[in-house]
Amino acid sequence: MAYEHKKIEAEWQRRWKEQQTFRVENDPSKPKYYALDMFPYPSGAGLHVGHPLGYIASDIVARYKRHCGYNVLHPMGYDSFGLPAEQYAIQTGQHPAKTTEENAARYREQLDRIGFSFDWSREVRTSDPKFYKWTQWIFLQLFNSWYDPRTDKARPISELIERFENSGCQGQDAEVLTGEVEEALGPFTAAEWKGFSERTRQMVLQYFRLAYLSDAWVNWCPALGTVLANDEVKDGVSERGGHPVERKRMHQWSLRITAYAQRLLDGLDELDWSGSLKEAQRNWIGRSTGASVRFPVGDDFIEVFTTRPDTLFGVSFITLAPEHVLVGKYTTDAQRAEVEAYVRSATNRSERERQAEVDKISGVFTGRYAKHPFTGANIPIWVGDYVLAGYGTGAVMAVPGGDQRDWRFAKHFDLPIIAVTEGADISKGADESKDAVICSEGFLKGLKVPDAIGRAIEELEKRGAGEGRINYRLRDAAFGRQRYWGEPIPIYYKDDIPYALPESALPLELPVVDKFQPTETGEPPLARAKQWAWDETKERIVATGEGAPLETTTMPGWAGSSWYYLRYMDPHNEERFASPEALKYWGQIDLYIGGSEHATGHLLYFRFWTKFLYDLGLIPFDEPAKKLVNQGMIQGVSALLPFLGKIGVPKGLEHLSGNSFTAETTPMLYVSGSIAAQGDDAVKQLLIKKFKEYWPAYSDNESLIHLDFKMVPVNIDIKFVDEHNALQIEGFVKEKEGNLAEPRTIDFLRDPDGRVLTIREVEKMSKSKLNVVNPDDIIERYGADTLRLYEMFLGPLEQSKPWDTHGIEGTSRFLKKFWNLFFESDIISVSEEAPTDAEQKVLHATLKKVTEDIGKMSFNTSVAQFMIAANELSALKCHKRDILEPLTIALAPFAPHIAEELWKELGHTESISTAAWPQWHAKFLVESSFNYPISFNGKTRLQLEFPATMDAKAVEAAVLANPEVQQRMEGKAPKKVIVVPKRIVNIVM
RNA sequence: GCCCGGGUGGUGAAAUGGUAUACACGAGGGACUUAAAAUCCCUUGGUCCGUAAGGGCCGUGCGGGUUCAAGUCCCGCCCCGGGCACCA
């Protein structure tokens with residue numbers, strides 16, 4: 001019987017669905033295993049072959065764990081809120097829910113065809129009100145919580161209010177301010193608290209809530225009309241779409257992730273995540289230790305953070321960020337005009353400009369001086385845009401002798417540069433070395449940097465001028481988006497003060513709007529809703545204007561993805577986000593697979609929410625995923641052709657341009673890659689020839705033809721490129737012509753043999769690069785099992801690698817070969833004969849390798865081992881049940897359809913997924929002899945076979961007695977003979 | 001600049017310090033076939049010597065080192081990919 005992948009795969013996919021083979025129940029009698037993929041955003045483009053890579057890997061592990069007797073939770077869903085659906089809605093007026101629904105259906109179809117063992121009964125979608133009800137509910141918990149630094153965990157805000165009523169806000173409590181530069185909240189007594197108005201109390205509480213509204217510097221993206229989180233901005237432009245981003249101060253919802261900075265850092269140690277990923281998170285959190293130092297200015301002071309308090313004696317000025325609130329306060333009247341002009345220009349410069357012009361030094365003197373806390377000297381206060389508002393306190397003590405940026409600023413403005421370390425040449429630059437010795441006069445003199453830091457902090461604390469401090473780069477997370485297609489934030493406003501909606505009002509569903517764009521006044525789309533206000537007494541939504549206005553921003557994309565993994569445990573629960581029993585049973589994710597692009601976004605927020613829910617006692621663990629693997633990117637091999645974008649009209653022929661060089665007559669010219677590689681001259685020669693073909697009248701004026709041209713490589717759809725990189729000209733031209741708005745001639749500068757060669761390049765697989773390979777096409781031709789095996793066979797999971805469809809033949813042939821072990825001219829022919837030692841060895845070597853490889857997530861080598869087994873068993877003409885049956889089970893996680901079919905042919909009636917994983921036995925792998933490589937001075941020269949049991953001494957004697965060995969020794973005695981039993985013999989001459 | 005990965009045949013890639021290049025693609029040769037497809041078999045790191053059987057030398061980015069033995073460990077570079085960055 002021939003291996004018919006189409007029939008087999010369709011049949012088994014149908015059966016799995018019908019029999020709900022992979023539906024899983026919470027069954028505490030069985031050990032659990034939770035294998036999760038990062039759920040996709042269902043984009044309109046559908047899946048390409050890169051997407052399923054991680055899904056296949058986790059599916060193999062999930063299926064393997066089932067064979068090993070685990071109860072496996074292996075769900076899938078959609079991160080279905082997002083920008084593309086909304087952009088499409090703005091363009092077409094179609095509700096994003098509809099687009100999302102269609103795209104999800106398409107994803108489902110594609111995923112089903114690959115044969116995943118997902119339990120679809122647990123599917124979640126973040127845009128489903130039944131799901132986002134709980135996203136909103138968690139938001140309310142954040143809003144109603146604060147972070148207690150004493151117990152180092154989140155507590156209900158009611159406890160804080162109680163504390164204020166009893167003892168006011170003093171000391172440590174007043175320290176919890178985090179986020180962007182804000183004016184510090186002063187301490188107050190219980191009596192004062194009681195005297196505060198409701199409004200004031202609520203304002204105070206904003207400083208503590210884990211979800212809070214504040215004026216914060218945000219990344220505003222005018223093109224997208226929304227605020228972006230720090231990790232959504234790359235190089236000053238939006239990660240999605242590449243639009244410019246500017247700094248803007250806005251009333252903005254934020255989440256106080258900074259309260260968790262230390263725990264997010266510490267938690268990394270126990271996680272089985274890749275080193276680079278942990279490193280990326282550590283970087284992002286950016287902990288640095290140092291000191292906070294206060295420089296008195298009149299009755300007030302400027303607080304700075306420094307990692308080098310040991311250089312305090314080298315401070316020659318202070319620099320404030322242009323956005324710093326104290327700038328306005330300290331500027332003298334004489335300097336005011338200049339400072340204000342500078343601040344204006346600095347804040348208007350986009351992040352991008354600031355980054356691009358790192359070398360440009362700018363700043364201005366405020367006219368005021370601060371007092372040095374140790375020496376009492378007058379320290380001038382400057383404003384400079386090299387100081388960032390969002391880091392530390394937004395102010396630095398400038399030590400030009402010890403910090404290169406300060407040094408350059410000092411040089412530029414001719415400020416004093418004081419040496420802080422011994423032997424430093426401060427005329428050339430700052431000495432930033434950390435093993436230097438401090439040379440400043442005073443109590444730090446002669447100390448090594450680390451000792452001096454400690455000593456300086458001691459002294460600061462003694463004098464009340466500062467204290468040791470830990471600072472984090474991590475910022476609070478911007479949580480509001482000026483968008484329609486996201487979770488509404490369940491908040492209403494009274495007197496501009498935010499209040500939580502009652503739980504009974506959840507889910508707060510997205511309102512109907514006439515358009516998905518911002519309002520004419522620039523408010524978010526939700527402000528268009530006619531029914532978007534809250535009636536507090538009736539507890540229901542009423543017409544806009546009739547009740548308290550509801551929040552009009554929505555949550556960012558990462559809200560739902562921060563906790564979705566919990567919902568899978570109990571997806572239909574209407575009472576809670578998941579039952580305590582389900583949470584206890586399934587616990588942490590045992591294996592989480594996804595792309596490394598989520599290193600500092602999703603994966604940080606996801607850990608943050610988990611820790612928060614843990615603090616409130618809502619879940620019994622404080623890290624979401626024990627093990628995490630980043631799958632590499634599957635890259636596309638693009639095909640590029642140089643395109644003559646601009647052909648300049650030659651000198652002397654300009655007068656002709658009006659009639660001859662029109663769009664209709666000027667051809668679109670593509671250049672064969674091999675010609676372009678020869679250089680401009682070669683292209684020019686051919687171009688002149690072409691020119692004469694098109695305008696024969698000017699053939700005689702060859703001296704006039706000096707064409708200027710510019711070659712631009714353009715992406716060519718890879719479906720028009722054959723395996724020799726040659727363009728299939730006819731098909732390409734036909735499609736191109738069909739896409740042109742106006743008819744144009746399409747022509748080529750061809751190779752002498754008439755071919756047009758494309759230039760191949762490996763880059764990201766994407767629609768715009770026309771290099772996308774669709775899994776559907778591969779499955780149609782080769783089958784899902786072949787696709788699964790091939791994706792795994794390409795190389796290590798974590799590594800990026802280019803997709804090359806040609807290589808798939810190998811895995812396809814393997815499956816046919818495997819199939820043929822069971823059949824002899826169309827009929828199943830499996831013998832019940834007892835296997836030979838050689839056959840057992842093949843089987844057990846394979847079981848051993850595959851079992852170990854799955855544990856290491858080394859799937860490429862397991863596939864190779866299956867190939868070896870199939871090759872060897874074919875050579876042994878082995879068709880024995882005792883060998884083939886366990887092998888089929890071992891193959892099942894990788895190629896489930898063919899395994900099911902063969903399992904059925906072997907006479908089984910139940911799905912192979914219920915079969916127990918076959919154990920390997922060492923006894924079948926014992927070798928009776930070993931073929932020793934005999935090397936001389938480390939170079940292998942010959943091989944000699946000895947019994948495996950022979951000891952080192954005997955092997956040595958036998959080797960030295962061998963005539964060929966003796967011949968090579970030329971009668972000389974070896975200096976040394978190394979014998980490693982069952983490994984190697986090395987003779988040192 | 002700092003922090004992580006990674007450089008091995010024509011290609012994707014294997015290799016607890018112990019026979020470098022498993023497995024697969026591609027290429028070349030052959031069998032079957034009227035032919036093609038499919039399938040099967042052989043060869044395939046470079047180079048030199050030899051009619052041949054066979055043998056020598058060189059080879060894992062570069063230069064050193066440790067070791068009986070290094071793709072693997074150590075030191076110093078180069079290149080590629082990713083992350084962070086006027087971060088005080």
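Order of the sequence lines sets the chain letters (A, B, ...), proteins ahead of strands, with each chain counted from 1. In this text the structure is predicted, and so the values were computed from the model without any measurement.
A:S874 contributes a side-chain N or O that, together with a main-chain N or O of A:A870, makes up a donor-acceptor pair within less than 3.5 Å.
A:Q404 comes within contact range of no nucleotide atom at all, as no heavy-atom separation falls under 4.0 Å. When heavy atoms are screened at a 4.0 angstrom cut-off, A:D804 is found touching no nucleic acid atom at all. Counting non-hydrogen atoms under 4.0 angstrom, A:N871 reaches the backbone sugars and phosphates but no base. At the heavy-atom level, A:K982 lies nowhere under 4.0 Å from the strands shown. Within 4.0 Å (heavy atoms only), A:V980 reaches at least one base atom of the nucleic acid. Nucleic acid contact for A:N860: sugar-phosphate only, since backbone atoms but no base atoms lie under 4.0 Å from a heavy atom of the residue. Using a 4.0 Å heavy-atom criterion, one finds that A:I978 contacts the bases of the nucleic acid, with or without backbone contacts as well.
Along RNA chain B, the nucleotide nearest to A:L277 and the one nearest to A:R813 differ in position, and the one closer to the 5' end is contacted by A:L277.
The side-chain tip of A:K278 does not point at the ring of A:W273 from less than 6.0 angstrom away and within 45° of straight on.
Rounded to the nearest Å, the gap between the C1' atom of B:rG28 and that of B:rG10 is 13 Å.
A donor-acceptor contact under 3.5 Å is formed by the side chain of A:N986 with the base of B:rC68.
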Starting at the 5' end of RNA chain B, write a dot or bracket for each base, bracketing those in Watson-Crick or G-U wobble pairs whose two distances are under 3.5 Å and using | for partners on another strand.
(((((((..(((.....[....)))((((((.......))))))(((((....)))))..(((((..]....))))))))))))....
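Spacing between atom CZ of A:F793 and atom P of B:rA24 amounts to 7 Å, rounded to whole angstrom units.
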Using nucleotides 52-57 of chain B, report all nitrogen or oxygen pairs with the protein that are shorter than 3.5 Å.
residue: B:rC57; atom: OP2; partner: A:R941; partner atom: NH2; Å: 3.3

